[in-house]
2 protein chains.
Amino acid sequence: MTSQGLLSQANGIPEEINGLRMTRQRQEIYKLLMGERSHPTANEVFMRIKESLPNISLATVYNCLEALVQHHIIRQVNFDREPSRYCPNLDEHGHFHDEATGTIHDVKFKPGINLTDLLDLPPHTVIKDIEITLRGQLSAS
Amino acid sequence: MTSQGLLSQANGIPEEINGLRMTRQRQEIYKLLMGERSHPTANEVFMRIKESLPNISLATVYNCLEALVQHHIIRQVNFDREPSRYCPNLDEHGHFHDEATGTIHDVKFKPGINLTDLLDLPPHTVIKDIEITLRGQLSAS
DNA sequence: ATTGGATCAAGAACTATTCTAATTTAAATT
DNA sequence: AATTTAAATTAGAATAGTTCTTGATCCAAT
Ligand SMILES: [Mn+2]
Ligand SMILES: [Mn+2]
Ligand SMILES: [Zn+2]
Ligand SMILES: [Zn+2]
């Protein structure tokens, strides 16, 4: 007979992504991140996810976010020592923190740009990850 | 008569930098950072500075580092959620974290590179600070 | 249906950092 | 030079984001 598990949910999210079983909690958190472009913190995710999962715990939010990050389904974004934020955009991009509003914007690179070509790296360097963060203001006029 | 204060120390570091009074503690911490290229954490600074200032407290190390950062005498460097590190290099540069050894290397930009020109920023954006961090390995051969 | 491993929930624990309050130091004023 | 005033330092308590621990629950495989 057909499984009573994840397959039967038919909500558009596959039961497994990058080898990570997509439990109900992971699915809902992933859906929330895909819907919001606001790069929420773990606590913001926790508060918003209660609408669909009233019994979820903050520990589970952290566990799910970590699992999603480690399976390269979402990305963790840090600004200085502020709480970590989470981003569902897997394209190579940077993050601009607008200090006037507190909002965070994805920043694409201009076409044909390869970051490591512009850096004076030591020889035989294997780069696994680059992070670019910007801080400033979106001026009025 | 001549001051009994900072002027009489004659150790090469001026009594004031960028409007910040260079107390004994701030001087020693600044000297230590200028001597080390290792981007130490506050706790590492604390342990090493005890040689010259046996009675200093960790709170003072944090206070001094924050004062030096806010007066643009040194820079604070963050890798993900690891303890903050401190860098005396004021040139525009990025940081490469070698995961094999745990060491951090300054990374210069190739000549003539203007980072913001390569980014697809929203219009009317005033950038106050850019941070570039890289993670990877310095492979053997 | 049973089993075993994965996941979840609740709260305790951890740790880098910041805060508080008292003391000390140094600059400014008299 | 003594007094006054403000800044800096210290020690320890407090904070906060995150991680850990443990027992319960869920689910896929047998
Ligand atoms: Mn930073
Ligand atoms: Mn990071
Ligand atoms: Zn993003
Ligand atoms: Zn540096």
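Note on naming: letters A, B, ... go to the chains in the order of the sequence lines (proteins, then strands), and numbering restarts at 1 for each one. Computed from heavy atoms alone, side chains included, the values below leave out hydrogens, waters and symmetry copies.
Under the rule for a side chain to side chain contact (heavy atoms under 4.5 Å, CB included), the partners of B:Glu36 that lie at least two apart in sequence or sit in another chain are B:Leu32, B:Ser38, B:Arg48. Looking at residues two or more places apart in sequence or on another chain, you find no side-chain hydrogen bond (donor to acceptor under 3.5 Å, both in side chains) involving A:Thr125. Applying the side chain to side chain contact (heavy atoms under 4.5 Å, CB included) test to A:Asp117 and every residue at least two apart in sequence or in another chain returns A:Asn114. Judged as a side-chain hydrogen bond (donor to acceptor under 3.5 Å, both in side chains), and not counting sequence neighbours, the contacts of A:Ser84 are A:Gln76, A:Asn78, B:Arg81. For B:Gln70, the side chain to side chain contact (heavy atoms under 4.5 Å, CB included) test picks out B:Glu66, with sequence neighbours left out. For the side-chain hydrogen bond (donor to acceptor under 3.5 Å, both in side chains) test, residues two or more places apart in sequence or in another chain that qualify with B:His39 are B:His95, B:Asp106. Take B:Arg135 and apply the salt bridge (Lys or Arg N to Asp or Glu O under 4.0 Å) test, not counting sequence neighbours, and it matches B:Glu99. Looking at residues two or more places apart in sequence or on another chain, you find no salt bridge (Lys or Arg N to Asp or Glu O under 4.0 Å) involving A:Lys110.
Contact record, A:Leu138 with B:Pro122: CD2-CB, 4.0 Å, taken as the closest heavy-atom pair. Heavy-atom minimum distance, B:Leu33 versus B:Pro40: CD2-CG, 3.6 Å.
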For each nucleotide in nucleotides 13-19 of chain D, reading 5' to 3', give B when a protein heavy atom comes within less than 4.0 Å of its base, S when such contact involves only the sugar-phosphate, and - otherwise.
-> ----SBB
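The distance between atom CG of A:Leu53 and atom P of C:dA9, rounded to the nearest whole Å, is 8 Å. The distance between atom CZ of A:Phe46 and atom P of C:dG11, rounded to the nearest whole Å, is 11 Å. When the P atom of D:dA8 is taken as reference, atom CD of B:Gln27 falls 13 Å away, rounded to whole Å. A:Glu15 has its CD atom 12 Å from the P atom of D:dC27, to the nearest Å. One atom, CG of A:Asn63, and another, P of C:dA10, lie 13 Å apart when rounded to the nearest Å. To the nearest angstrom, C1' of C:dG11 lies 16 Å from CG of A:Asn55. Atom-to-atom, CD of B:Gln70 to P of C:dT18 comes out at 10 Å; the value is rounded to the nearest Å. Distance CD (A:Glu28) to P (C:dC8): 12 Å, rounded to an integer number of Å.
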All N/O pairs under 3.5 Å across the protein-nucleotides 2-7 of chain C interface:
residue	atom	partner	partner atom	Å
C:dT7	OP1	A:Arg26	NH1	2.9
C:dT7	OP1	A:Arg26	NH2	3.4
C:dT7	O5'	A:Arg26	NH2	3.4

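Axis angle, first five pairs versus last five pairs of the helix from C:dA1-D:dT30 to C:dT30-D:dA1: 30°, rounded to 10°.
OP1 and OP2 of D:dT9 both lie 4.0 Å or more from every side-chain N or O belonging to B:Ser57.
Listed by first and then second residue, the ring pair (Phe, Tyr, Trp, His ring centres under 6.0 Å) pairs that reach into residues 54-78 of chain B come to none, sequence neighbours excluded.
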